Amino acid sequence: MKKNPLIAVFLLALVSWIGNLWVYEKNQLPEPVFLSHFIDLPLEKGASFKLSYLENHRGLHIVDVQVPGLPYASVNFLNKNRYTYQNYQSVLISLEQQIQETEPPAAPVQIKQVRAWLNDGSSRMLDIGHVTLTPPARTTADRSLFESSSGGTSNQNAGYTLKTTKEDLILTGMDNSYPDDSLPRMKLYLDTLSLEQEPGYRSSLRSGDMVDVEGLPIEDISFPLAIQKGNYVRLSYRLEDTGTESPEHKAAETYNRIEKAVRLNAQTSDGFKDDMTLFINHESDLSASSIRTIVQARRELP
């Protein structure tokens, strides 16, 4: 007895539909998920930072975000990028002028979760990584130890700031809270006239890139370091292992977005203190493979 060709076609279509549905469901997030952020910035009027997240094309969408500890912050949704199964969306958190009308906190504000409001009317606390907003130290008005000269970044995950000293000063150390065992790895370099005769000093690591690092690694410098008025101070950074997915790095905390202020501490003979600040801004390029890894990790959570 011959089988009906229509039945065979129907069965093939059914198998194909079931297979496509299985693949679709396998690539869906249970709920929107924020990427892992490491943000360490001054808590001051006009400051802002981005929080990025993934959500499915259909289903639950984030419609509003509230940041604990920042009741005066405004939230603005930015343009989204569309992937095969998810949208990549960012929100800009801006510190409004109301911060001037309230007593600023004495201690840094630590934020690890935000409240996300969803299109079904529900809300939940979602992990975002680590955000630290530090109140700036109060200094004498109209006095600073550094004068800006130049600065820049490159698409090679490197950048620098170059400043001139306005007084004789002592560099006393570096404030850098970024974990040593995290990815991407952050390397900091200091270049100034006082270091040019030190062993290991690199006069140039540019290789055609005008904003590459040079000088000595911060960990190789013995502070305090005396700097005369009118000398240059160049602080550089390089982010390494930005695309590493090898097994030996699986245990490391990986950050998709970094917005950070690295501070080089200085002091004069009369006790006046000031910082030279290098701002670092890095955002991972998320490939389709990276998206699948994030989705799989979230689906495996209880």
Side-chain angles (χ1 to χ4, degrees), residues 27-41 47-56 60-62 65-70 73 75 77-81 83-93 108-116 118 123-134 153 157 159 176-188 237-262 279-302:
N27 286 279
Q28 294 300 291
L29 285 166
E31 63 182 10
V33 55
F34 279 89
L35 302 183
S36 183
H37 303 76
F38 189 92
I39 297 172
D40 183 2
L41 296 171
S48 64
F49 57 91
K50 292 180 183 179
L51 297 177
S52 300
Y53 62 91
L54 293 171
E55 61 184 13
N56 298 328
L60 294 176
H61 292 171
I62 295 177
V65 173
Q66 293 178 342
V67 185
L70 299 179
V75 176
F77 286 79
L78 306 178
N79 293 335
K80 66 177 64 176
N81 294 328
Y83 287 83
T84 304
Y85 299 100
Q86 278 79 35
N87 292 324
Y88 175 85
Q89 178 84 57
S90 294
V91 291
L92 180 67
I93 311 298
V109 176
Q110 304 280 351
I111 306 167
K112 294 186 177 182
Q113 291 184 320
V114 296
R115 179 168 295 280
L118 306 178
S123 71
R124 59 204 67 186
M125 299 299 292
L126 298 180
D127 295 334
I128 60 172
H130 300 273
V131 176
T132 302
L133 302 175
T134 304
T153 59
N157 298 305
N176 178 28
S177 59
Y178 190 76
D180 293 335
D181 58 350
S182 296
L183 294 177
R185 305 195 189 283
M186 183 183 299
K187 300 288 291 183
L188 297 172
Y237 75 89
R238 174 178 288 282
L239 297 174
E240 302 175 348
D241 298 323
T242 55
T244 300
E245 297 181 357
S246 56
E248 59 267 27
H249 290 107
K250 291 298 183 182
E253 178 72 25
T254 299
Y255 294 106
N256 304 105
R257 179 186 291 279
I258 300 171
E259 293 186 53
K260 177 167 178 54
V262 176
F279 289 97
I280 299 172
N281 196 321
H282 167 76
E283 183 176 3
S284 299
D285 292 327
L286 292 181
S287 62
S289 175
S290 301
I291 298 294
R292 286 195 297 269
T293 299
I294 294 172
V295 171
Q296 180 181 0
R298 297 299 298 181
R299 290 179 62 87
E300 292 175 353
L301 292 177

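Model, not experiment: these values are computed from the prediction.
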Verdict with reasoning, S290 to S287, per side-chain hydrogen bond (donor to acceptor under 3.5 Å, both in side chains): CA-CA 5 Å; S290 301; S287 62; 3.0 Å; yes
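- In this structure, N256 contributes its side chain and S36 its backbone to a donor-acceptor pair below 3.5 Å.
- Interatomic distance, CD1 of I62 versus CD of E31, reported as 9.0 Å (0.5 Å rounding).
- Atom CD1 of I93 and atom NZ of K50 lie 12.0 Å apart (nearest 0.5 Å).
- A distance of 4.5 Å separates CG in L118 from CZ in R124, rounded to the nearest 0.5 Å.
- Here K260 contributes atom NZ and N281 contributes atom CG; the two are 13.0 Å apart, rounded to the nearest 0.5 Å.
- At least one side-chain heavy atom of I258 sits under 4.5 Å from a side-chain heavy atom of P184.
- Under a 3.5 Å cut-off, the side chain of Y83 and the backbone N or O of L286 do form a donor-acceptor pair.
- The closest side-chain heavy-atom distance from Y178 to V262 is not below 4.5 Å.
- Side chains of I111 and I39 form no contact here, defined as non-hydrogen atoms less than 4.5 Å apart.
- Nearest heavy atom pair, residue Q28 against residue V295, reads O-CG1, 3.9 Å.
- To the nearest 0.5 Å, the span separating CD on Q86 from CD1 on I294 amounts to 9.0 Å.
- Smallest separation of non-hydrogen atoms from P32 and L126: O-CD1, 3.7 Å.
- The backbone N or O of R257 lies less than 3.5 Å from no partner atom in the side chain of H37, so there is not a single donor-acceptor pair.
- Looking at E259, its side chain never comes within 3.5 Å of a backbone N or O of H282 through a donor-acceptor pair.
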Audit row: Y88, I291, side chain to side chain contact (heavy atoms under 4.5 Å, CB included) steps and yes/no: CA-CA 10 Å; Y88 175 85; I291 298 294; 5.6 Å; no
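- Here the side chain of R292 pairs no donor or acceptor atom with the backbone of N27 at under 3.5 angstrom.
- Using a 4.5 Å cut-off on side-chain heavy atoms (C-beta onward), Y85 and L29 make no contact.
- Between atom CG of residue L133 and atom CG of residue L70 there is a gap of 5.5 Å, rounded to the nearest 0.5 Å.
- Using a 30° and 60° split on the angle between ring planes, Y255 and H130 fall in the perpendicular class, above 60°.
- Proximity of P30 to R299: side-chain heavy atoms (C-beta onward) are separated by under 4.5 Å at one or more points.
- Using a 4.5 Å heavy-atom cutoff, the side chains of T153 and Y237 are in contact.
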Test side chain to side chain contact (heavy atoms under 4.5 Å, CB included) applied to V65 and F34, step by step: CA-CA 11 Å; V65 173; F34 279 89; 4.3 Å; yes
Derivation and outcome, side chain to side chain contact (heavy atoms under 4.5 Å, CB included), residues N176 and M186: CA-CA 10 Å; N176 178 28; M186 183 183 299; 4.1 Å; yes
